[in-house]
Engineer: 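The following block contains the structure, expressed as structure tokens.
Throughout, a chain's letter reflects where its sequence line sits, starting with A, and its residues are numbered from 1. Hydrogens, waters and symmetry mates play no part in the numbers below; they use all other heavy atoms, side chains included.
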Amino acid sequence: MTQARVPALVQETPYRYQIEPTGRMRVPGVVFASPGLLPEVGGDQALQQVADVATLPGIVDASYAMPDVHWGYGFPIGGVAATDIAEGGVVSPGGVGFDISCGVRLYAADVDAADFAPRKEAVLDGLSRSTPRGMGKGAVWELSGAGQLAKVLASGARYAVEQGHGVQRDLDRCEDFGAVDDADPAALSERAVKRGLHQLGSLGSGNHFLEVQVVDAVRDQAAAEAYGLRAGQVCVMIHCGSRGLGHQICTDHVRAMEQAMAGFGITVPDRQLACVPVDSDPGRAYLRAMASAANYARANRQLLGQAARGVFERLTGAGLDLVYDISHNLAKVETHRVAGGAGAAGAPRRLCVHRKGATRALPPGHPDLPADLRDLPDVGQPVLIPGSMGTASYVLTGVPGGPAFASTCHGAGRTLSRHQAAKAVRGQELRQLLESRGIAVRGASWRGLAEEMPEAYKDIDAVVEAAEGAGLARAVARLVPVGVVKG
DNA sequence: ATGTGC
């Protein structure tokens, strides 16, 4: 990026701010935030990134930022951008992120907090042993070779369940019912394959975690019931992605697009926004590789969930029912009606919707909802919002008429860098503090723990309030952690 | 996020 320019924000409603188009911006920027969140809404760089994304060829409606927006690679984290495929709209790996299909899976345990309490330490010890984590290798499922990996990449969680690592309900309640169809495992680089072989069923590091949580408050009784959640219930939340495989795919395709971009006559204000038309060979190649990583990430969460299920069954006798599994780093080809623009006003258009640190939130009645939720009048897609370590997480539901292509926030969003956080607290102290609040901690490294201190993140309650206020989603339940297995 | 730099 060049000189730091600070885009001017104009408040439109209490939860919606606009960046008017200037320079090469094709559409406005729109930031959803409460007045309280806005001053620290990620700093000038994130807002400049919102404006930069608005220059991309084919972008429609607006370059959106969710209430948890912060600075990222090219696109902001907490960004949503849709491009019109028929109008030369582009796809950009930076609009998905390095951790392709990073996401969240939530299970409801058939046990309540009081009955679980005496078994908590033993269960956390069991989960600690059953959950490979931290940098590098170690995984639940050591694949036999590239042939078996190809099956994972093609069929995702469906293949894992076929192989005995789960039950049908796990697929019924997974985004895309466990897998997307357009993956092309043969097109991956040798390096991506090599990195994928030894990490299937592993958490990774950073803000990834497996938590045991308790439903602290139900805000929407009907939706909670439909999702299988009740107050006082124990849950298991898993937050992780596609590990080194997704990272390598992103690296490979950013490189390829940097080369190919000029041939399409595309220039961007920031190299990290490398992109090509969706309807082009390199565009299709990226989307097929991205789909492979999406399937890998679903299988990854499926295997970690199955391992946790085994621990719960053995030590508590309680079963784990999947509430939902949803990504917050993905681009998808979807049909939306967009007012104005190149197409006829309000006509359905095929768009490439980039969600980076943003969660899809389908409205009630949408055909892609799980079958048992599809016909309920006021219940949309379950939206899983992980808090930072030691803080609350949320389950939201998609609402009709969402303003950002059926998308909402994805989590708390960082305010302190990893380095700043590690300087502010020692991992040992932090563990003690969390334990004193009744949260059992099983870490991977002391430094990793310190980097994830709650104070390094925005207030998740405020983020969710802003998402609700902006009409992006509605709260269903608030969950609080009682034990965390940290990547 | 990430074999924590190309």
Engineer: Would you indicate what A:Arg447 reaches in the nucleic acid, counting non-hydrogen atoms under 4.0 angstrom: base, sugar-phosphate, or nothing?
Structural biologist: nothing
Engineer: For A:Met135 and B:dT2, what is the distance between atoms CE and C1' respectively, to the nearest whole Å?
Structural biologist: 5 Å
Engineer: Taking atom C1' of B:dT2 as reference, at what distance in whole Å does atom NE2 of A:His198 sit?
Structural biologist: 17 Å
Engineer: Using a 4.0 Å heavy-atom cut-off across all strands, classify A:Glu451 as base, sugar-phosphate, or nothing.
Structural biologist: nothing
Engineer: Do A:His410 and A:His239 have their ring centres less than 6.0 Å from each other?
Structural biologist: no
Engineer: Name the nucleic acid region contacted by A:Gly204, choosing base, sugar-phosphate or nothing; use a 4.0 angstrom heavy-atom cut-off, strictly under.
Structural biologist: sugar-phosphate
Engineer: How close or far is atom P of B:dT2 from atom NE2 of A:His253, stated in whole angstroms?
Structural biologist: 19 Å
Engineer: Less than 4.0 angstrom between a side-chain N/O of A:Arg418 and OP1 or OP2 of B:dT4, yes or no?
Structural biologist: no
Engineer: Assign A:Gly241 to base, sugar-phosphate, or nothing according to its heavy-atom contacts below 4.0 angstrom with the strands shown.
Structural biologist: nothing
Engineer: For A:Tyr394 and A:Asp461, test the side chains for any donor-to-acceptor distance below 3.5 angstrom and give the result as yes or no.
Structural biologist: yes
Engineer: Side-chain N or O of A:Ser205 less than 4.0 angstrom from OP1 or OP2 on B:dT2?
Structural biologist: yes
Engineer: Provide, to the nearest angstrom, the distance between the CZ atom belonging to A:Phe98 and the C1' atom belonging to B:dT4.
Structural biologist: 12 Å
Engineer: Output the rounded distance in Å from NE2 (A:His208) to C1' (B:dT4).
Structural biologist: 14 Å
Engineer: So A:Lys486 and A:His208, side-chain contact (heavy atoms from CB on, under 4.5 Å) or not? Walk me through it.
Structural biologist: CA-CA 7 Å; A:Lys486 199 74 193 72; A:His208 290 167; 5.5 Å; no
Engineer: To the nearest 0.5 Å, what is the distance between OG (A:Ser445) and CE (A:Met135)?
Structural biologist: 10.0 Å
Engineer: Using atom NE2 of A:His419 as one end and atom P of B:dT4 as the other, report the distance to the nearest whole Å.
Structural biologist: 18 Å
Engineer: Tell me the interatomic distance from A:Ile77, atom CD1, to B:dT2, atom P, rounded to whole angstroms.
Structural biologist: 13 Å
Engineer: May I ask you to check whether A:Gln306 and A:Arg309 show a side-chain donor-acceptor distance below 3.5 Å?
Structural biologist: yes
Engineer: Send over the distance from A:Asp252 CG to B:dC6 P, rounded to a whole Å.
Structural biologist: 13 Å
